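This report refers to the structure that appears directly beneath it.
Since we're looking at a predicted model, the values are computed, not measured.
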Amino acid sequence: MTVQLTHLPRPLADSAIVERVFAAVMEHKLPPGAKLAENALCEAFEASRAQIRRVLVVLAGRGVVTLHPNRGAYVSSPSATEAREVFEARRSIERSVVLSAANRIDVRALDELRANSRAGAAAEARGDRRESIRLSGQFHIRLAEIAGNSVLTKYLEELVARTSLIIGLYGSSRARTCSEAEHDTLLDALAVDDKLRAADLMEEHLHHIEEALDVRDGPAEPVDIRQILQT
């Protein structure tokens, strides 16, 4: 008698579930403020409560999810005030970054940044929202590294992470499409050592991204997270 073994599907790793939820947020499938009920997540991923709780802690550490004691987990919803403050801080820091980077940037670094800009445009063209936002943030962090101030770079890394989430949550298509052309124009100014123009262009660039956001303070619409996240 031959016994046929049934191969059950392997459970998803924590990292896979984290990326699935993160992608749903960045692609606007899970709106800001949406409740992430543990039982619904367990069903969607065929996972245990222990695994889902580990995943939620990781997502909270990345700023994607907010954990409320006795209330559960919710997709983060930065307020309009917080978004304005983050961009104000970035404009202040990145103007100094550009002025410092102008004294240190070379042809190799310019080529590296132009390659980043092209990669971002390609990601946008194929509809890869997450990669487009990631590359845009990487562009700004690399400029800070070129400027050579490790303290400013550390602060900017935190601000870029918060800005990337805000853009992912609230950004329209204009928040992405403007960045590639504006990055290139900024690099053109740095290439001819026009420091002040480059600094002004950086401020304008960040203003344009902020203006393209649609940040609204208010309750989230209910969503069916089982359907959105079903494996």
Side-chain angles (χ1 to χ4, degrees), residues 14-15 18-19 21-28 30 32-33 36 54-68 73-102 104-105 109 112-113 116-117 119-120 123 129-171 175-176 178-180 182-183 186 198-199 201-215 217:
D14 290 10
S15 59
V18 167
E19 290 307 314
V21 176
F22 183 71
V25 171
M26 298 298 278
E27 292 166 6
H28 290 188
L30 287 173
L36 300 176
R54 292 195 304 267
V55 164
L56 291 174
V57 169
V58 173
L59 287 165
R62 293 174 64 173
V64 179
V65 166
T66 302
L67 302 177
H68 295 285
Y74 295 79
V75 176
S76 294
S77 53
S79 67
T81 298
E82 181 182 349
R84 284 194 296 270
E85 289 174 347
V86 168
F87 276 96
E88 182 180 357
R90 280 194 63 175
R91 283 192 293 272
S92 177
I93 288 176
E94 294 202 60
R95 183 175 184 88
S96 296
V97 162
V98 169
L99 291 172
S100 297
R104 300 166 60 94
I105 201 162
E112 178 186 350
L113 290 169
N116 170 286
S117 185
R129 176 181 175 79
R130 292 172 59 203
E131 181 68 358
S132 175
I133 293 172
R134 185 190 71 80
L135 286 166
S136 179
Q138 186 183 76
F139 178 98
H140 291 259
I141 292 170
R142 184 67 186 113
L143 260 182
E145 291 171 345
I146 293 167
N149 187 317
S150 60
V151 175
L152 283 183
T153 301
K154 181 179 179 181
Y155 285 142
L156 186 58
E157 285 175 346
E158 178 182 345
L159 289 171
V160 165
R162 294 175 69 181
T163 307
S164 295
L165 177 61
I166 290 169
I167 294 172
L169 289 169
Y170 302 114
R176 303 191 307 279
C178 73
S179 64
E180 313 312 328
E182 292 182 359
H183 283 177
L186 170 63
L201 286 169
M202 177 62 82
E203 285 197 59
E204 290 176 13
H205 171 54
L206 294 171
H207 267 299
H208 291 163
I209 296 174
E210 182 181 5
E211 289 169 356
L213 300 177
D214 183 19
V215 184
D217 296 330

### Message
For A198, give me all partners under side chain to side chain contact (heavy atoms under 4.5 Å, CB included), at least two apart in sequence or on another chain.
### Response
V98, L186, A189, L190
### Message
Please find the pair of heavy atoms, one from V64 and one from F22, that lie closest to each other, and give the distance.
### Response
CG2-CD1, 3.4 Å
#### Entry: Sequence neighbours excluded, every pair satisfying salt bridge (Lys or Arg N to Asp or Glu O under 4.0 Å) that has a member inside residues 91-100
R90-E94, R91-E210, R95-D200, R95-E203
### Query
Are the side chains of V18 and R62 in touch, meaning some heavy atoms are under 4.5 Å apart?
yes
### Query
Could you give the distance from CD (E158) to OG1 (T163), rounded to the nearest 0.5 Å?
10.0 Å
### Query
Counting N and O atoms only, with roles assigned by atom type, does the side chain of S136 sit under 3.5 Å from a partner on the main chain of S132, one being a donor and the other an acceptor?
no
### Message
For Q138, give me all partners under side chain to side chain contact (heavy atoms under 4.5 Å, CB included), at least two apart in sequence or on another chain.
### Response
N116, R134, L135
#### Entry: Spatial distance of atom CZ (F87) from atom CD1 (I166) [nearest 0.5 Å]
6.0 Å
#### Entry: Considering all heavy atoms, the nearest Y170-P78 contact
OH-O, 3.1 Å
### Message
More than 12 heavy atoms of other residues, nucleotides or ligands under 6.0 Å from OH of Y74: yes or no?
### Response
yes
### Summary
The complete set of ring-ring contact (aromatic ring centres under 6.0 Å, His included) pairs with one or both residues in residues 132-152, sequence neighbours excluded, reads F139-H183, H140-H183, H140-H205
### Task
Show your working on side chain to side chain contact (heavy atoms under 4.5 Å, CB included) between D14 and V58 and close with a plain yes or no.
CA-CA 9 Å; D14 290 10; V58 173; over 6 Å; no
### Task
May I ask you to check whether over 12 heavy atoms, not counting those of E82, lie within 6.0 Å of atom CD?
yes
### Query
CG/L206 to CD/E211 distance, rounded to the nearest 0.5 angstrom?
11.0 Å
#### Entry: Results of side chain to side chain contact (heavy atoms under 4.5 Å, CB included) for A73 - residues two or more places apart only
L36, L56, V65, L67
### Message
Before you tell me yes or no, could you show the steps for L165 and S76 under side chain to side chain contact (heavy atoms under 4.5 Å, CB included), namely the whole-Å CA-CA distance, both residues' side-chain angles and the distance that decides it to 0.1 Å?
### Response
CA-CA 9 Å; L165 177 61; S76 294; 4.3 Å; yes
### Task
Rounded to the nearest 0.5 Å, what's the gap from CG on L213 to CD1 on I167? Could you check?
6.5 Å
### Results of side chain to side chain contact (heavy atoms under 4.5 Å, CB included) for R142 - residues two or more places apart only
E112, L113, E145, I146
#### Entry: Shortest non-hydrogen separation from E131 to A123 and the atoms involved
CG-CB, 3.8 Å
### Task
Report the distance from atom OG of S79 to atom CD of E85, rounding to the nearest 0.5 Å.
7.0 Å
